[in-house]
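As structure tokens, the structure follows; a few thoughts come after it.
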Amino acid sequence: MRTIIECEIDCFFVSRHFPGQRGVPLAQQPGSFNEIHARLFELQRNERLFLHPMSNAKKVRVRFAPSPTGGLHLGGVRTVLFNYLFAKQQGGDFILRIEDTDQSRFVPGAEEYITETLRWCGLNPDESPAQGGPFAPYRQSERKAGYLQYAEQLVQQGNAYYAFDTPQELEDMRNNYKTAENPSPQYNHALRSKMRNSVSLGEEATRELLANGTPYVIRIKMPENETVHLTDMIRGEVSFQTSQVDDKVLLKADGMPTYHLAVVVDDYLMQITHAFRGEEWLPSAPVHVLVWRYLFGEENMPQWAHLPLILKPDGNGKLSKRDGDRLGFPVFAMNWTDPRSNEFTQGFRERGFLPEAFVNMLAVLGWNDGSEQELFTLDELVQKFSMDRVHKGGAKFNYEKAKWFNQEWIKKLPVAAYQPLVKDILQQADINIADDALLTKVLELVKDRCTLLTDFVQQAGFFFKQPETIDTAAIKPKWDDKKQLFFVELIRAYELDASWEHDELEKIFKEIAAAHQIKPGDLMMPLRVMLVGGKFGPGVFDIAVLIGRDNTIRRIKHTLQLLQQA
RNA sequence: GGCGCGUUGGUCAAUCGGCUAAGACGCCUCCCUUUCACGGAGGAAUGACGGGUUCGACUCCCGUACGCGCUACCA
């Protein structure tokens with residue numbers, strides 16, 4: 001894929017990266033576009049190269065524009081991430097804009113949820129509804145007044161028209177024209193003349209309907225036979241026949257714009273330079289290109305990038321919240337309770353994911369840096385991210401791999417980075433932490449055994465609280481009086497030991513075992529079960545050292561009692 | 001149905017015309033470990049199909065198949 005950006009600029013540089021990427025210039029190329037073009041062909045023999053305009057460089061501005069209809073899903077967060085990485089790498093701004101033009105779908109709390117998700121991930125916007133900015137307001141519902149004039153301008157220019165069809169009439173149209181070959185007839189250039197609109201009705205009738213206050217929408221008038229081209233940063237050249245695209249509604253009867261009008265107007269007004277969105281938007285891209293052309297000029301249009309979809313792990317198709325419920329993994333970033341249905345959905349955060357891992361995992365779903373590196377900090381991602389290494393095809397989500405990333409991050413990060421989070425989780429599980437220094441030591445000792453933050457409840461809990469249940473079944477089959485005696489004597493010896501150090505405890509243990517003629521290995525497991533409740537955890541003497549003499553002895557005695565009862 | 005986009009192991013993926021096709025997750029075997037993990041060594045497993053172009057194709061071109069997306073006064 002080779003892409004050349006055409007523009008009247010007098011200086012270019014050449015690099016391996018797509019225009020808009022930072023890239024290291026391979027050569028400065030002063031001269032006219034055509035002169036450089038000729039030289040580029042020489043250079044391009046062995047490499048894919050791109051031309052970058054040097055002057056007239058606008059500051060990069062990208063936006064994430066969700067509609068606040070519920071929890072933020074994986075794909076949404078990845079779109080945020082790619083926006084953020086691109087912007088920060090370019091020294092640009094990342095803007096959060098809320099697309100709430102559909103009032104019937106408004107969900108209270110959804111916007112706050114989005115803001116909080118971005119905060120959790122460390123992907124904070126430079127401008128947003130909450131913090132404001134030079135292009136406020138950032139909620140489309142609050143910009144309502146502005147859209148009408150653009151829609152009317154399109155009508156005046158002959159690029160759009162008023163349509164008075166009622167919902168019933170639209171439904172009738174679809175039913176009447178539906179055939180086996182064409183199951184979903186479109187409101188397009190062919191049908192336009194058969195419907196009730198300013199094209200079919202004429203000026204006078206239209207004026208009258210308008211004057212009477214008849215509800216209307218404004219639809220784009222798609223040209224009959226044109227090819228609309230689009231250079232996508234990921235897919236390269238994409239083209240559409242306008243005859244295949246319908247006359248999309250731009251302004252709704254309630255005066256609100258549809259997405260198709262609002263994206264264009266707001267991207268223009270907010271001076272957005274690069275627009276990233278999911279691949280599902282590609283089919284409506286020609287509408288947006290045309291609105292740009294008619295309203296603000298295609299040369300001012302942001303560069304588009306249609307991101308590949310995140311697919312469900314089994315079968316094919318877009319990953320949905322339902323798939324997570326069905327397969328047992330989160331899909332939303334954080335907990336979400338739908339205020340209308342009261343339906344609760346667990347998020348990655350509450351499931352025990354670190355934001356570092358969550359972000360890392362999303363970054364490499366559809367992108368990689370070409371090396372073998374898989375673990376990236378946000379800063380590294382900002383440095384290494386490049387749009388030309390984003391995949392075209394969708395990627396199936398793999399929860400096992402997601403967990404692996406979390407495990408790696410638990411190992412990689414200093415304990416201090418997540419100690420407060422773990423403390424919180426432990427306390428929620430009714431395990432109180434009085435000694436933070438002790439908690440640090442414990443976490444250091446058990447972190448390799450945890451995949452999710454919630455795993456610390458099992459792995460660290462017994463250091464602070466006597467196990468509620470003891471897996472005596474793991475001891476009993478091989479239990480006998482000799483072993484009973486061993487432990488009685490061990491208690492006595494441990495009561496007398498002054499050091500309470502790892503090596504000393506082990507030495508005492510082995511000496512007594514030898515005296516009783518029992519292999520230490522046969523006693524290690526029982527001791528472990530006595531101290532932690534089950535067959536898991538770090539070295540037994542490490543545990544004994546940390547929980548202290550009193551707890552160690554108390555737990556041994558407790559289990560001895562349990563064994564006798566049975 | 002139409003239109004658009006995609007297609008390398010089970011999954012994520014490298015490859016930019018020289019391939020004996022990396023690496024990771026998962027799976028299996030072994031080592032380390034008197035538990036569970038971590039770690040280490042190894043193994044099974046991949047270019048949808050058919051045509052071109054080329055000395056040479058996973059890589060470029062064209063078809064076919066399959067998958068997905070869109071086809072609302074939703075985004």
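Throughout, protein chains are lettered first and strands after them, A, B, ... in sequence-line order, and every chain is numbered starting at 1.
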For [N], take OP1 and OP2 only and decide whether either is under 4.0 Å from a side-chain N or O of [X].
X	N	result
A:Arg219	B:C73	yes
A:Arg389	B:U15	yes
A:His391	B:A14	yes
A:Lys318	B:G6	no
A:Asn398	B:G26	no
A:Lys411	B:G39	yes

Under 3.5 Å donor-acceptor pair, A:Arg449 side-chain atoms to B:C36 base atoms: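 Yes, the side chain and the base share a sub-3.5 Å donor-acceptor pair.
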Any side-chain donor-acceptor pair under 3.5 Å between A:Asp266 and A:Tyr147?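 Short answer, yes.
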Taking [M] as the reference, what is the distance to [N] when you measure between their [atom1] atoms (whole Å, please)?
N	M	atom1	result
B:C74	B:U15	C1'	41 Å
B:C55	B:C12	C1'	36 Å
B:C27	B:G18	P	36 Å
B:A13	B:U8	C1'	9 Å
B:A24	B:G39	P	12 Å

Do other residues, nucleotides or ligands put more than 12 heavy atoms under 6.0 Å from the NZ atom of A:Lys441?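 Atom NZ in A:Lys441 is not packed in, count stays at 12 or less.
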For the pair made of [atom1] in [X] and [atom2] in [N], what is the distance, rounded to whole Å?
X	N	atom1	atom2	answer
A:Phe536	B:C38	CZ	C1'	17 Å
A:Asn316	B:C5	CG	C1'	14 Å
A:Leu251	B:A72	CG	C1'	16 Å
A:Asp323	B:U11	CG	C1'	15 Å
A:His306	B:C70	NE2	C1'	11 Å
A:Leu282	B:G69	CG	C1'	9 Å
A:Asp388	B:U15	CG	P	11 Å
A:Lys248	B:C3	NZ	C1'	11 Å

So does A:Lys411 pair up with A:Glu408, basic N to acidic O under 4.0 Å?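 Judged by the 4.0 Å cut-off on N to carboxylate O distance, A:Lys411 and A:Glu408 do form a salt bridge.
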Between A:Arg235, A:Glu279, A:Arg277, which is the residue that forms a side chain to side chain donor-acceptor pair (under 3.5 Å) with A:His306?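 For A:His306, the side chain to side chain donor-acceptor pair (under 3.5 Å) test succeeds with only one of A:Arg235, A:Glu279, A:Arg277, which is A:Arg277.
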Using a heavy-atom cut-off of 4.0 Å across all strands, would you classify [X] as base, sugar-phosphate, or nothing?
X	result
A:Val529	nothing
A:Gly537	base
A:Val217	base
A:Ala253	base
A:Phe405	nothing
A:Gly366	sugar-phosphate
A:Pro313	nothing
A:Glu181	base
A:Val364	sugar-phosphate
A:Thr101	sugar-phosphate

State yes or no: are the ring centers of A:Phe82 and A:Phe385 separated by less than 6.0 Å?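 Yes, ring centres under 6.0 Å apart.
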For nucleotides 32-34 of chain B, list the nitrogen or oxygen atoms of the protein found under 3.5 Å from its nitrogen or oxygen atoms, one pair per line.
residue: B:U34; atom: N3; partner: A:Gly521; partner atom: N; Å: 3.0

Do A:Glu226 and A:Gln241 pass the side chain to side chain donor-acceptor pair (under 3.5 Å) test, and can you show the C-alpha distance, the side-chain angles, and the key distance before you say yes or no? CA-CA 6 Å; A:Glu226 244 180 68; A:Gln241 287 300 322; over 6 Å; no
Quick check: on RNA chain B, is the nucleotide nearest A:Val249 upstream (toward 5') of the one nearest A:Glu400, or the reverse? Name the residue that is more 5'.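 Between the two, 5'-proximity favours A:Glu400.
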Syn if the chi torsion is within 90° of 0, anti otherwise; quick check, which is B:C38?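 Syn, which is what one calls it when the glycosidic angle falls within 90° of 0.
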Does the ring of A:Tyr187 carry A:Arg192 above it, NZ/CZ under 6.0 angstrom from centre and within 45° of its axis?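 Not flagged: A:Arg192 not positioned over aromatic ring of A:Tyr187.
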Is the terminal nitrogen or CZ of A:Lys476 (NZ for Lys, CZ for Arg) located under 6.0 angstrom from the six-membered ring centre of A:Trp479 and within 45° of that ring's axis?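 Here A:Lys476 fails the 6.0 Å and 45° test against A:Trp479.
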What residue among A:Trp367, A:Phe405, A:Trp409 forms ring pair (Phe, Tyr, Trp, His ring centres under 6.0 Å) with A:Phe376?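 Exactly one option meets the ring pair (Phe, Tyr, Trp, His ring centres under 6.0 Å) with A:Phe376, and it is A:Trp367.
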Once you round to the nearest 0.5 Å, how far does CD of A:Glu169 lie from CE of A:Met195?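 Here the interatomic distance stands at 6.5 Å.
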